[in-house]
Chemist: 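Have a look at this one before I ask anything.
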Number of protein chains: 2
Amino acid sequence: MTNRSLSEQLRSGNLFAEQCPSREVLKHVTSRWGVLILVALRDGTHRFSDLRRKMGGVSEKMLAQSLQALEYDGFINRVSYPVVPPHVEYSLTPLGEQVSDRVAALADWIEMNLPQVLAQRDVRAA
Amino acid sequence: MTNRSLSEQLRSGNLFAEQCPSREVLKHVTSRWGVLILVALRDGTHRFSDLRRKMGGVSEKMLAQSLQALEYDGFINRVSYPVVPPHVEYSLTPLGEQVSDRVAALADWIEMNLPQVLAQRDVRAA
DNA sequence: CAGCATCCTTTATGATACTG
DNA sequence: CAGTATCATAAAGGATGCTG
């Protein structure tokens with residue numbers, strides 16, 4: 001018999017291992033702007049400037065950089081139309097939709113439970 | 001009639017708003033070590049050094065700092081026993097168990113789908 | 001053991017200017 | 001429009017030494 005649970009047996013990466021590449025993927029997905037990109041793209045395809053307008057506070061540089069990281073991991077598709085002015089569309093890949101489901105579940109929880117969290121802070125501060 | 005979906009009506013915070021405090025909560029929860037702490041504590045109460053040993057690569061400083069942020073938000077309990085040498089136990093609060101569920105779902109997805117992600121990278125690099 | 005304080009290095013992020 | 005390049009700053013992270 002084994003001491004490892006089913007989820008442990010199915011696990012191909014290990015976030016608790018210092019050098020595991022899963023940590024880099026986690027970093028991309030949970031990065032400040034990565035989270036917002038993944039959530040925003042659930043509403044469908046977006047252009048660069050649409051995303052930028054939607055996500056309060058991103059600089060062009062960080063948006064481009066975050067998009068590239070997510071594209072690199074295969075979570076988003078980048079389609080460029082060779083017209084002038086340029087037209088580029090970003091969307092979730094099937095793999096991206098899966099992570100996005102999890103990321104959005106977390107993001108939604110935080111948005112909906114923000115009052116409870118802020119209340120907790122006050123309790124502890126008292 | 002309304003144009004807002006149910007989830008929008010129930011949303012008390014908005015991560016897309018630049019100054020919304022939900023962004024800080026998200027930062028704590030999705031931070032490099034915050035994620036690992038929340039996942040690790042699902043196995044039950046841990047002492048400081050237990051956590052440190054479990055999480056490959058954390059420094060004392062970062063572990064303490066990350067624990068404080070999560071405690072501040074009310075996600076973890078810190079119980080200190082006034083003995084010598086010191087004995088401190090960390091555990092999830094009910095609120096913490098809820099975020100932890102979402103964080104762990106994301107973490108597990110990444111661990112289990114790491115091969116697919118790495119394969120995607122190769123495809124694009126080719 | 002469980003930290004905190006300090007100093008130092010590395011990333012992350014931002015502002016600005018420029019280009020196909 | 002959709003970026004890239006550069007410069008500058010802030011934040012994250014780490015190493016070391018000290019303490020109740």
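In what follows, chains carry the letters A, B, and so on, assigned in the order in which the sequence lines appear, proteins first and then strands, with residues in each chain numbered from 1. These numbers were taken from a predicted model, which means no experiment stands behind them. When reading the values below, keep in mind they use all heavy atoms of this one structure, side chains included, and skip hydrogens, waters and symmetry mates.
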Chemist: Listed by chain and number, what are the side-chain contact (heavy atoms from CB on, under 4.5 Å) partners of B/Thr93, not counting sequence neighbours?
Modeler: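 Partners of B/Thr93 under the side-chain contact (heavy atoms from CB on, under 4.5 Å) test: A/Arg124, B/Asn77, B/Leu95.
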
Chemist: Rounding to a whole Å, what distance do you find between A/Arg47:CZ and D/dA2:P?
Modeler: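 Taking atom P of D/dA2 as the reference, CZ of A/Arg47 is at 4 Å.
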
Chemist: To the nearest Å, how far apart are A/Lys61 NZ and C/dG14 P?
Modeler: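 In whole Å, C/dG14 P and A/Lys61 NZ are 9 Å from each other.
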
Chemist: Would you say B/Arg32 reaches D/dA12's phosphate, i.e. side-chain N/O to OP1/OP2 under 4.0 Å?
Modeler: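 So the side-chain polar atoms of B/Arg32 never come under 4.0 Å of the phosphate oxygens OP1 or OP2 of D/dA12.
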
Chemist: Parallel, tilted or perpendicular: which describes the rings of B/Phe48 and B/Tyr90, with under 30° parallel and over 60° perpendicular?
Modeler: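 Rings of B/Phe48 and B/Tyr90: tilted, 30 to 60°.
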
Chemist: Quick one: which of D/dC7, D/dA12, C/dA17 gets closest to the side chain of B/Lys27?
Modeler: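 The nucleotide sitting nearest to the side chain is D/dA12.
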
Chemist: What residue among A/Arg47, A/Arg52, A/Arg53 forms salt bridge (charged side-chain N to carboxylate O under 4.0 Å, His left out) with A/Asp50?
Modeler: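 Of the listed options, the one satisfying the test is A/Arg53.
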
Chemist: Can you tell whether the side chains of A/Arg23 and B/Glu111 come within less than 4.0 Å, N to carboxylate O?
Modeler: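 No.
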
Chemist: Choose from D/dG14, D/dA2, C/dA2 the nucleotide whose nearest atom is closest to any side-chain atom of B/Ser49.
Modeler: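 Nearest listed nucleotide: C/dA2.
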
Chemist: With heavy atoms under 4.0 Å as the rule, sort B/Arg78 into base, sugar-phosphate or nothing.
Modeler: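 Result for B/Arg78 = sugar-phosphate.
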
Chemist: Measure the distance from CD on A/Glu89 to P on D/dA2 and round it to the nearest whole Å.
Modeler: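 Distance check: A/Glu89 CD to D/dA2 P gives 9 Å.
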
Chemist: Could you work out which one of C/dA2, C/dT13, C/dG3 sits closest to the side chain of B/Tyr90?
Modeler: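 Closest of the options to the side chain of B/Tyr90: C/dG3.
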
Chemist: Using the side-chain heavy atoms of A/Pro85, tell me which of these nucleotides is nearest: D/dC1, C/dG3, D/dG3.
Modeler: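 For A/Pro85, the side-chain atoms sit closest to D/dC1.
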
Chemist: Looking at A/Gln68, I'd like to know whether one of its side-chain N or O atoms comes within less than 4.0 Å of OP1 or OP2 on D/dT4.
Modeler: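 Yes, such a contact exists.
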
